[in-house]
Amino acid sequence: MSKFKIGILGFGTVGSGVFNVLRENHDEILAKTGIDFEIVSILDLDHEKIISVAGDEKLIAKDIDDLINMSDVVLELIGGTRIAFDFAKKALNAKKHLVTANKALIALHGTELFNLAKENNVSILYEASVAGGIPIIKALREGVVSNKVEWVAGILNGTTNYILSEMKNNGLSFQTALSQAQSLGYAEADPTFDIEGIDAAHKITIIASIAFGVSLNFNDVFVEGISNLQLKDVAYAEELGYRIKLIGLAKKVNQDIEVRVHPTLISETQLVANVDGPMNAVLVMGNMLGPTLYYGAGAGSDPTASAVLSDVIDLARSISNGNKVFHIPSFGYEDSNLSSLKFKKINEISSGYYIRANFVDAAGVLAKITSLFADKNISIDEMHQKMLKKNQTENDVIIVVKNAQEKEINSIINDIQKMKSNVGNVVKIRLEELAK
Ligand code: NDP
Ligand code: HSE
């Protein structure tokens with residue numbers, strides 16, 4: 001029986017989860033793998049936390065070098081891109097394998113880190129960085145390896161999904177729902193990353209690289225979060241048979257790819273539309289396989305720790321089979337076969353759209369609006385007028401189109417905005433049909 005020694009950097013939600021899952025399942029993992037996994041060192045600013053969870057002060061690392069020296073694999077579970085980046089480089093330079101749950105680190109500094117790992121003949125694994133406990137990296141890199149991936153889309157952020165679900169189902173305010181998500185350990189240290197879609201954008205950056213063999217390219221991902229979403233639109237969408245979800249999407253369109261994150265109307269008949277709370281769901285469309293859906297806990301201590309440990313186990317098994325490094329390429333493609341697909345700008349995409357405008361009641365308003373769409377040859381799928389209050393003259397007008405070019409829709413919105421009877425800002429939310 002071989003031993004595999006684990007060092008943990010950061011003993012917060014995920015780090016302590018790793019300790020907990022290994023304590024609970026050590027013998028099960030040993031029976032499956034024949035490898036005795038042991039946590040030998042833990043580094044955290046808060047020593048009390050280590051003692052209270054692990055109950056053994058001998059596990060407290062003197063410093064980062066001490067931890068690296070003792071370990072076969074270093075788990076980076078601190079988060080952020082400063083100290084985590086420095087520690088990750090230190091571990092790789094010391095020729096130690098690295099496992100991380102840190103999507104920001106991979107999306108922003110992955111290229112440098114993977115090159116460093118290669119120079120030092122060690123591996124970096126990052127399953128927990130996307131969709132928490134769901135084995136989506138494994139599914140994309142191994143499960144659908146025989147297919148061309150056409151698109152990947154899904155709910156990639158547990159915090160925002162929790163907020164949206166609590167607002168819709170339990171009438172919580174945005175702020176209360178966010179505070180709950182924070183106390184349950186779902187949110188990033190800076191929750192703006194969740195709310196503004198940045199965390200989901202880090203994840204879809206990683207997904208796009210695995211799905212299409214492109215370099216990590218966070219800067220070309222379009223990002224819009226949920227902070228400007230109005231309850232009114234959540235309610236109108238519901239009346240029309242849709243749910244609003246923060247969706248990350250990566251799609252190949254001819255020789256280009258679209259990679260974007262934004263609030264999205266999804267038909268309530270789709271499974272993804274019914275995924276609530278901190279759960280994530282990722283749809284993958286393979287050219288021969290068709291759609292497959294991966295669902296599970298997208299955040300939280302033990303689920304995320306399960307994904308971290310699955311990486312550790314994959315790595316140890318690969319090594320115990322005589323490999324020096326993990327036997328599958330980091331992003332599933334041989335380096336020499338990386339593609340240079342162009343990332344589309346947001347105004348070059350086509351999508352479905354929900355548009356809401358607010359008008360004072362006047363003759364000809366609806367006719368004028370429909371003519372703007374007709375002039376651009378865009379078919380309106382639904383149009384509704386809502387009288388806001390009895391005896392008032394303001395109306396919300398809601399228009400749904402299933403397919404149009406973003407730049408044409410923006411131009412129509414500009415024209416609506418200029419109409420005399422329009423009051424307030426026109427709202428635009430994209431709509432995706434996903435798999436039938
Ligand atoms: P936490 O904030 O709960 O844990 C991070 C830990 O690292 C804290 O205990 C922190 O101590 C400690 N730390 C900070 N700076 C240092 C340092 N210089 N040296 C040693 N320890 C330090 O974060 P999470 O566990 O939630 O997240 C960790 C990573 O996992 C992040 O990259 C996150 O994005 C990712 N992730 C998190 C998920 C989740 O559900 N929480 C799910 C999937 C991925 P202190 O608290 O004292 O600052
Ligand atoms: N803050 C992240 C989320 C953690 O809410 O999804 C999991 O990556």
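Everything numeric here is computed off the predicted structure, so don't read it as measured data. As the structure lists them, so they are numbered: ligands from 1, and atoms in each ligand from 1. Along the sequence shown, residues carry numbers from 1. FYI, side chains are in, hydrogens and waters are out, and symmetry mates aren't considered; it's all heavy atoms of this structure.
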Output the list of atoms in ligand 2 that are nearer than 4.0 Å to some heavy atom of [X], sorted by atom number.
{"X": "D194", "answer": "1 (N), 2 (C), 3 (C), 5 (O)"}
{"X": "K203", "answer": "2 (C), 3 (C), 6 (O), 7 (C), 8 (O)"}
{"X": "Y186", "answer": "1 (N), 2 (C), 3 (C), 4 (C), 5 (O)"}
{"X": "A187", "answer": "1 (N)"}
{"X": "E188", "answer": "1 (N), 2 (C), 4 (C)"}

Taking distance alone, with N or O pairs closer than 3.5 Å, would you say [X] contacts ligand 1?
{"X": "D46", "answer": "no"}
{"X": "V14", "answer": "yes"}
{"X": "G185", "answer": "yes"}
{"X": "G15", "answer": "no"}

Okay, side chain of K203, backbone of L156: is any donor-acceptor separation there less than 3.5 Å?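 Judged by distance alone, yes, a pair lies under 3.5 Å.
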
Does the S215 side chain pair with the main chain of N217, one donor and one acceptor, at a distance under 3.5 Å?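 Absent.
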
Are the side chains of R243 and E238 in contact, using a 4.5 Å heavy-atom criterion?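 E238 vs R243: side chains touch.
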
Between K90 and I68, is there a side-chain heavy-atom distance shorter than 4.5 Å?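 Yes, close enough: below the 4.5 Å cut-off.
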
How far is [atom] from its nearest protein heavy atom, and which residue and atom name does that atom have?
{"atom": "atom 5 (O) of ligand 2", "value": "T159 OG1, 2.6 Å"}
{"atom": "atom 40 (O) of ligand 1", "value": "G300 N, 2.6 Å"}
{"atom": "atom 7 (C) of ligand 2", "value": "G298 O, 3.3 Å"}
{"atom": "atom 2 (O) of ligand 1", "value": "I78 O, 4.8 Å"}
{"atom": "atom 6 (O) of ligand 2", "value": "G158 N, 2.7 Å"}
{"atom": "atom 8 (O) of ligand 2", "value": "K103 NZ, 2.5 Å"}

Under the rule for side chain to side chain donor-acceptor pair (under 3.5 Å), what residues qualify as partners of Y354, not counting sequence neighbours?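 Per chain and number, Y354 pairs via side chain to side chain donor-acceptor pair (under 3.5 Å) with D233.
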
Could you pull out all residues at least two apart from K89 that satisfy side chain to side chain donor-acceptor pair (under 3.5 Å)?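 With sequence neighbours excluded, K89 shows a side chain to side chain donor-acceptor pair (under 3.5 Å) to no residue whatsoever.
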
Heavy-atom pairs closer than 4.0 Å: do any link ligand 2 to the side chain of D199, the backbone, both, or neither?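 Answer for D199: side chain.
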
Report the part of A101 (side chain from C-beta onward, or backbone N, CA, C, O) that has a heavy atom under 4.0 Å from ligand 2; answer both or neither where that applies.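 No part of A101 comes within reach of ligand 2.
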
Which one holds for L45 and ligand 1: side chain close, backbone close, both close, or neither close, with close meaning a heavy atom under 4.0 Å?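 Within the 4.0 Å criterion, L45 contacts ligand 1 through backbone and side-chain atoms alike.
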
Could you tell me whether S301 approaches ligand 1 through its side chain, its backbone, both or neither, with non-hydrogen atoms closer than 4.0 Å?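 S301 to ligand 1: no contact under 4.0 Å from either part.
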
Apply ring-ring contact (aromatic ring centres under 6.0 Å, His included) to residues F331 and F212 and explain how you reach the verdict. CA-CA 9 Å; F331 288 89; F212 307 119; over 10 Å; no

Will you find, in the side chains of Y162 and T160, an N or O donor that is under 3.5 Å from an N or O acceptor?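 Absent: no donor and acceptor within the cut-off.
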
Donor-acceptor side-chain pairing of N102 and E76 below 3.5 angstrom: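 Note: N102 and E76 side chains meet the donor-acceptor criterion.
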
Of all the atoms in ligand 1, which lie at a distance below 4.0 Å from a heavy atom belonging to A128?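 This gives 43 (C), 44 (C) as the contact atoms.
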
For ligand 1, which atoms have a heavy atom of L77 less than 4.0 angstrom away?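 Going through ligand 1 atom by atom, the ones under 4.0 Å from L77 are 5 (C), 28 (C).
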
Close approach of L9 to ligand 1, heavy atoms, under 4.0 angstrom: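 No; L9 lies far enough from ligand 1 that no heavy-atom distance drops under 4.0 Å.
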
Would you say A189 contacts ligand 1, with heavy atoms under 4.0 Å as the rule?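 In this structure, A189 fails to qualify as a contact of ligand 1 - no heavy atom is under 4.0 Å.
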
Considering distance alone, does some N or O of S129 sit under 3.5 Å from an N or O of ligand 2?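 No; every N/O pair is 3.5 Å or more apart.
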
Under 3.5 Å between some N or O of ligand 2 and some N or O of A299?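 No.
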
Passing candidate, side-chain hydrogen bond (donor to acceptor under 3.5 Å, both in side chains) with Y353, options K428, E408, E406, K402: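 Answer to the side-chain hydrogen bond (donor to acceptor under 3.5 Å, both in side chains) test with Y353 among K428, E408, E406, K402: E406.
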
Can the ring centres of F218 and H202 be said to be less than 6.0 Å apart?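 Yes, ring centres under 6.0 Å apart.
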
Inter-residue atom distance I51.CD1 - L59.CG, 0.5 Å rounding: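 Result: 10.0 Å between the selected atoms.
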
Tell me, with the steps shown, if E127 and R141 meet salt bridge (Lys or Arg N to Asp or Glu O under 4.0 Å). CA-CA 11 Å; E127 179 65 69; R141 210 164 48 180; 5.7 Å; no

So which of K49, E188, R82, E76 gets nearest to atom 34 (O) of ligand 1, if we judge by its closest heavy atom?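 Of the listed residues, E188 has the closest heavy atom.
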
